[in-house]
Amino acid sequence: MIWVVAQAERVKGDLTVPGDKSISHRATLLGALATGETRIANFLRSADCMATIRCLRALGITIEEDAEAEEGVGRLVVHGRGLRGLQAPQDMLDCGGSGTTMRLLAGILAGQSFASVLTGNEALRRRPMARIIEPLRRMGATISGVDGDRLPPLYVQGGALHGMAYHLPVASAQVKSAILLAALYAKGPTLLHEPAPSRDHTERMLKAMGISLDTAGTQIVLDPVPAADKPLPPLDIAVPGDLSSAAFFIVAACLLPDSFVRVRDVGVNPTRTGLLDVLRGMGAQIIIENERLVSGEPVADIVARSSRLRGVTIGGDLVPRMIDEFPILAVAATQAEGITHVREAAELRVKESDRIAAIVSQLTRLGARIEERHDGFVIYGPTPLCGAEVDAHRDHRLAMSLAVAGLVATGRTSIEGAESIPDSFPGFERQLDAIVGRSV
Ligand code: S3P
């Protein structure tokens with residue numbers, strides 16, 4: 001699908017964005033392992049999260065869905081059957097394009113008393129799985145992939161697991177969560193060390209369910225003993241708006257003249273707010289208002305205004321704190337005065353697309369001065385952008401970032417591959433049109 005975006009004069013709006021993708025996945029998965037009814041409000045009805053629902057249903061879990069007034073969100077009631085209540089699936093479990101579904105479910109399935117196969121679409125079948133196969137095997141799991149255990153489909157024969165001490169080679173919340181979920185089924189505690197803090201939604205939810213889990217810096221210890229004896233209680237969860245979705249509107253407001261957006265009720269968990277810190281460091285006028293705790297997660301309203309930006313260097317611990325925001329950061333950097341250097345971000349090459357190569361090739365088409373590095377990119381700004389034909393590589397975050405670039409670029413920008421946008425943000429096009437002041 002091709003989406004044509006025209007240059008915009010300004011953006012203005014007071015809006016909310018659909019629920020957080022990472023929290024929606026986790027609330028549903030942990031709801032299935034609790035005993036009783038987990039209620040989830042503002043659940044993200046994106047293609048990725050619907051894949052989690054589909055897989056859990058195939059594992060015998062009843063999930064009731066109700067669309068809410070806002071496009072792209074719904075209420076869920078998950079009828080959890082307890083840690084040992086999942087049933088053997090009749091067929092392969094189809095994770096669609098969702099890496100989170102596949103990796104987190106693999107951790108849960110490693111502890112079951114049956115075998116299952118996890119597969120997904122062509123894009124997901126290209127994503128690295130050795131990073132979960134290796135640690136789960138160390139815990140005693142029987143799990144394999146194809147192509148030398150590198151890729152999906154994954155075959156998981158559930159069985160007895162034991163705790164372990166493990167240093168994660170990459171800062172990945174999906175890998176960390178897969179191990180923590182498997183650790184619920186293990187004999188003995190599991191100790192994890194992350195190279196840098198990654199999103200901690202799984203840890204927060206597990207603690208809220210009474211699991212013994214302690215975090216000290218980049219170290220996490222989970223002791224499954226209390227959980228083995230008593231059922232996990234179901235939670236009532238209101239999912240905050242997804243900061244990774246709000247990011248597109250925040251950057252649009254910073255880049256266009258005479259612009260202002262307020263995005264309400266957005267999750268501002270400090271493991272996710274790297275982009276806000278970086279933009280502020282670049283000179284962006286961003287204010288966090290009304291900060292509070294909702295369902296164990298920090299939530300706030302974020303106000304962003306037209307700003308004069310300057311280039312920055314990004315690397316180290318900041319990278320996992322904004323891992324999904326590099327495509328939109330790159331768009332911002334094309335309009336910043338001076339050099340922006342992103343390094344130590346080679347993980348971007350194994351996302352929904354090779355985001356380093358895709359950002360560089362597509363922003364070049366729009367007139368940006370950008371150079372590829374093995375672990376990032378360098379942007380020399382500011383450069384005027386000119387509308388052109390670009391290809392989002394069927395990567396939702398790239399498509400939305402190119403749309404924001406299209407608001408800044410002169411003329412029209414045609415984005416190929418925009419059909420991927422509902423993977424994380426159903427209704428994005430309508431909301432973007434609304435803040436630009438165009439009717440759909
Ligand atoms: C996610 C973790 C990140 C992120 C992805 C969602 C999660 O992936 O890019 O969009 O929900 O745990 P990695 O764990 O591969 O860094």
Side-chain angles (χ1 to χ4, degrees), residues 18-30 43-44 46-49 51-52 95-108 120 123-124 126-136 151-152 168-181 192 194-206 218 220 239-240 242-248 267 269 271-275 297 317-329 344-356 358-359 375 395-401 420-425:
D20 187 274
K21 182 153 88 72
S22 295
I23 298 175
S24 294
H25 282 298
R26 287 160 172 78
T28 320
L29 290 165
L30 286 174
F43 172 85
L44 174 66
S46 72
D48 279 11
C49 295
T52 291
C95 304
S98 174
T100 310
T101 307
M102 181 170 282
R103 294 189 178 123
L104 271 58
L105 254 186
I108 293 173
L124 181 57
R126 282 197 303 265
R127 296 187 63 189
M129 293 296 151
R131 53 182 59 197
I132 56 160
I133 291 177
E134 200 260 330
L136 291 175
L151 301 174
L168 274 87
V170 281
S172 159
Q174 292 181 358
V175 175
K176 173 178 67 175
S177 300
I179 298 170
L180 291 175
L181 291 167
L192 290 183
E194 297 189 88
S198 63
R199 64 193 67 193
D200 66 355
H201 310 300
T202 308
E203 294 93 302
R204 285 175 188 252
M205 241 179 252
L206 286 173
T218 50
I220 305 164
V239 180
D242 198 327
L243 179 55
S244 297
S245 298
F248 303 107
N269 180 317
T271 59
R272 297 283 298 278
T273 48
L275 177 74
E297 289 278 348
D317 287 7
L318 256 175
V319 173
R321 291 183 56 232
M322 56 178 292
I323 192 66
D324 291 334
E325 280 65 74
F326 284 97
I328 191 63
L329 178 272
E344 298 167 328
E347 271 295 289
L348 296 175
R349 294 208 182 267
V350 292
K351 292 294 173 188
E352 284 82 335
S353 64
D354 174 345
R355 283 190 176 151
I356 294 177
I359 288 168
D375 64 347
D395 177 338
H396 49 122
R397 297 201 201 282
L398 202 61
M400 292 185 274
S401 302
S420 56
I421 289 173
D423 286 356
S424 67
F425 196 161

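Start at 1 and go down the list; that is how both ligands and their atoms are numbered. Index from 1, following the sequence. The model shown is predicted, which means the values in this text are computed figures rather than measured ones.
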Exercise. So, are R131 and E347 salt-bridged, with charged N and O less than 4.0 Å apart?
Worked result: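 Judged by the 4.0 Å cut-off on N to carboxylate O distance, R131 and E347 do form a salt bridge.
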
Exercise. Between R26 and D20, is there a salt bridge with N-O shorter than 4.0 Å?
Worked result: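 Here D20 does not pair with R26 in a salt bridge, since their nearest N and O are not under 4.0 Å apart.
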
Problem set entry | Distance-minimising heavy-atom pair for L44 and G19 |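 Scanning both residues, the minimum pair turns out to be CB-O, 3.3 Å.
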
Exercise. Minimum heavy-atom separation for A171 to P195, with atom names?
Worked result: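 Smallest interatomic distance, heavy atoms only, reads N-CG, 3.5 Å.
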
Problem set entry | Name of the residue among R272, K21, R397 meeting salt bridge (charged side-chain N to carboxylate O under 4.0 Å, His left out) with D242 |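 For D242, the salt bridge (charged side-chain N to carboxylate O under 4.0 Å, His left out) check succeeds only for R272.
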
Exercise. Protein residues near ligand 1, heavy-atom distance below 4.0 Å?
Worked result: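 The answer is S22, R26, T100, R103, S172, A173, Q174, R199, I323, D324, K351, counting any residue whose heavy atom sits under 4.0 Å from ligand 1.
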
Exercise. Side chain of K176, backbone of R199: donor and acceptor closer than 3.5 Å?
Worked result: yes

